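Residue numbers begin at 1 in each chain, while the letters A, B, ... track the order of the sequences. The structure displayed is predicted, hence computed values, not measured ones.
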There are 2 protein chains.
Amino acid sequence: MSRTRPPSSIAVARLAGVSQSAVSRTFTPGGIVSPATRAKVLAAASTLGYRPNLLSRSLTTGRSGIVAVAVGGLSNPFHAMALDCFATGLQRRGQQVMLVVVEDEWALGSAVELLSGYQVDAVLSSLSVNARDVAEALTRFGVPIVTMNSSVTNRWVRTVAADDHEAGAAIAKHLYGQGARRFGYIAGRSGTLAQERREAGFRQGLAEFGITDCERAQGNHLHSGGAASVRALYASGTGPDGLFCLNDLTAMGAIDALRVEFGLRCPEDVLVAGYDNIDGSAWPPYRLTTVDVGLDRVAAEAFALIEEEDGGPPEVLVQPRLVLRASTRS
Amino acid sequence: MSRTRPPSSIAVARLAGVSQSAVSRTFTPGGIVSPATRAKVLAAASTLGYRPNLLSRSLTTGRSGIVAVAVGGLSNPFHAMALDCFATGLQRRGQQVMLVVVEDEWALGSAVELLSGYQVDAVLSSLSVNARDVAEALTRFGVPIVTMNSSVTNRWVRTVAADDHEAGAAIAKHLYGQGARRFGYIAGRSGTLAQERREAGFRQGLAEFGITDCERAQGNHLHSGGAASVRALYASGTGPDGLFCLNDLTAMGAIDALRVEFGLRCPEDVLVAGYDNIDGSAWPPYRLTTVDVGLDRVAAEAFALIEEEDGGPPEVLVQPRLVLRASTRS
DNA sequence: CCCCTAACTGCATCCGTATGCAACATTGGC
DNA sequence: GCCAATGTTGCATACGGATGCAGTTAGGGG
């Protein structure tokens, strides 16, 4: 596509019969120009279709106005929600979003390396950083990074976390209160912090009722993993009657498999709870009890963190909210 | 966050005892430097943690390496899928993604205005452009724009379209073949082209069986709109026994409402088909017959278009694929 | 009517990198 | 031992815009 260079401030200045600085000042917020000059400049700019080149502006100002957002696979609605939240929030604040889709925290490292070349003002990530060497690598770029649920933080890597432990315990208490006595937990793929905290909280919650047994299966954060886990848990003998899944997608897969493959009803035979409060969790086939982390608040805290002067807290905790629905109403 | 400016090529040059141009050539693909100099430069660069500033590079080269992607609300999984496709494809091609979340095509106009200030090399959008003045506004920026399903195209605004008309007709034929005789169509909010083509194709398909009656309701592209439309269609008397919805989310809402609010079964009482083939459409409660537009091919064609020299086709058509599932198996 | 001040303008320079051009060194051929 | 060809290097400048500083102008007060 043969692109001719767009008009520069010099071209506008020439047409308007003023200096290039006058053009620059006209388009710089807070720039001092007389109304007459401003009018001439704006007229010339509009006939030429001039728009200031924001990249070269960032050369002098040192701020690009670009914030990078790194998210995991968008086929998980939670990641899509998080991205939507971050992106619209940033747009409202007049910042641009550079998107990176990333597999895991190691990919985050190389992504940030690349992004630092684009002088991004900050990086927001819905992934967590739990490996010390990844955190150190990220630190090298001198870019403020805000992640979700990281266990490793430092001057440049901060985190906004939901109180997953608390939420896990609350789910345990709720399930017990609804009459469940044989418990199961369906985990995610890797040992992420969110995952570990939810499970630990759940088990501690159970322990308070003197329950130490809790079956466990490994999913993949997706619908298919929930279904596969149910197959593993219920294949022989009686499975759990209270099931906590690390996220909604997993829980929905679990419910579907319980019904279709084992003829078990939810909530009559098995109580199921999830996490994330994605749109689908509220639909009639599921009516899933779940946990809403409050992405709006997470985003707001993240925005505050990247503006924070040095010395801000390395970790901010947000209180998630239990969403009770029919999937756990016995 | 007090950020100290990152090291520049001059700093590296000084440390390595060479000229700034030598540093530049070392980091420019195809740059001519002797192995000895390159080694010195790389050593100095690594001790300083130097990364070339890609923004100032784009100042001289005229290409930023940034492609903008504009998508509608990400709570619709289809948009999330499209974004995922575009983003991973662009990343693989070494381009960066600037994301804009946008309400409608008018918002697209102002978004592109802003983006052109960032010298994006191209704009990909999962929205369609149907208003002539929007298309003309977009043209002013001299940025190649590839949209989905636009009815207005020109030198700068091209489009990759799925053959929605054909797909709509195929759905009609399929529903008729499965025994449906009273038909209904649930539309989207606005008069987008995709929407109109799907409906027109559906009606034409019905016409081939001599059917000219087709009830109609207006949804909102979301689950809630499908449910509301079903309420409108089935409130009085017998509703349709063959229902085509402009997208999967709407269809899933329709199915849920049919079952929960009217006690109607799908597919036994009503055949329901959707469009998009989002993940959830395959889950047991729905097993939705739908249309897969083949986002991979769409993305590939879009990439080809933005590289095309002048004179490429303004519109590329992609053949969608019918996905038959239990929701239409009588 | 004059002087001082405030408002504005343009000049020059800088931001970090790319690149045409001339200068330079090295090597080989004769 | 001289010249030319080849391969490197640095100098200078350009990209588009922001800004300190000095100079200009207009306006107000005495």
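One atom, CD1 of A/I32, and another, C1' of D/dT25, lie 15 Å apart when rounded to the nearest Å. A/Q20 places its CD atom 11 Å from the P atom of C/dC11, with the value rounded to the nearest Å. Distance B/F27 CZ to C/dT19 C1': 17 Å, rounded to the nearest Å. The separation between A/R63 atom CZ and D/dT19 atom C1' is 18 Å, rounded to whole Å. Here D/dC15 presents its C1' atom at 15 Å from CG of A/L54, a figure rounded to the nearest Å. Going from atom OH of A/Y50 over to atom C1' of D/dG17 covers 7 Å, rounded to whole Å. Between A/Y118 atom OH and C/dT17 atom P there is a gap of 14 Å when expressed in whole angstrom units. Taking atom CG of B/N53 as the reference point, atom P of D/dG16 lies 16 Å away to the nearest angstrom.
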Run the side chain to side chain donor-acceptor pair (under 3.5 Å) test on B/S34 and B/T37 for me, step by step, so that the C-alpha distance in whole Å, both residues' side-chain angles and the decisive distance to 0.1 Å come before the verdict. CA-CA 5 Å; B/S34 71; B/T37 309; 2.8 Å; yes
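Comparing B/S56 and A/A22 by the nucleotide of DNA chain C whose heavy atom lies nearest to each, the residue mapping closer to the 5' end is A/A22.
For B/S21 against D/dC11, a side-chain-to-base donor-acceptor contact under 3.5 Å is present. For C/dG10, the base has a donor-acceptor partner in the side chain of A/R25 [N/O atoms by modelled type, under 3.5 angstrom].
Residue A/R132 holds its CZ atom at 9.0 Å from CG of A/N154, rounded to the nearest 0.5 Å. We find the CH2-CG distance between B/W106 and B/D133 to be 7.0 Å, quoted to the nearest 0.5 Å. Rounding to the nearest 0.5 Å gives a distance of 10.5 Å between CD1 of A/I32 and CZ of A/R38.
Between A/S19 and C/dG10, a side-chain N or O to OP1/OP2 separation shorter than 4.0 Å is present. Between A/S34 and the phosphate of C/dC8, there is no side-chain N or O to OP1/OP2 separation shorter than 4.0 Å. Between A/R57 and D/dG17 there is no side-chain polar atom (N or O) within less than 4.0 angstrom of OP1 or OP2. The phosphate of C/dA18 has neither OP1 nor OP2 within less than 4.0 Å of any side-chain N or O from B/T61. Contact check, A/R51 against D/dG16: no side-chain N or O comes under 4.0 Å of OP1 or OP2.
B/V33 comes within 4.0 angstrom of the backbone, heavy atoms only, and of no base. B/S24 comes within 4.0 angstrom of a nucleotide base, judged by non-hydrogen atoms across all strands. Using a 4.0 Å heavy-atom cutoff across all strands shown, A/V23 reaches no nucleic acid atom at all.
Comparing C/dC15, D/dT8, D/dA18 against the side chain of A/L59 picks out C/dC15 as the nearest.
Without hydrogens or angle criteria, B/T159 side chain to B/N149 main chain gives a donor-acceptor distance under 3.5 Å.
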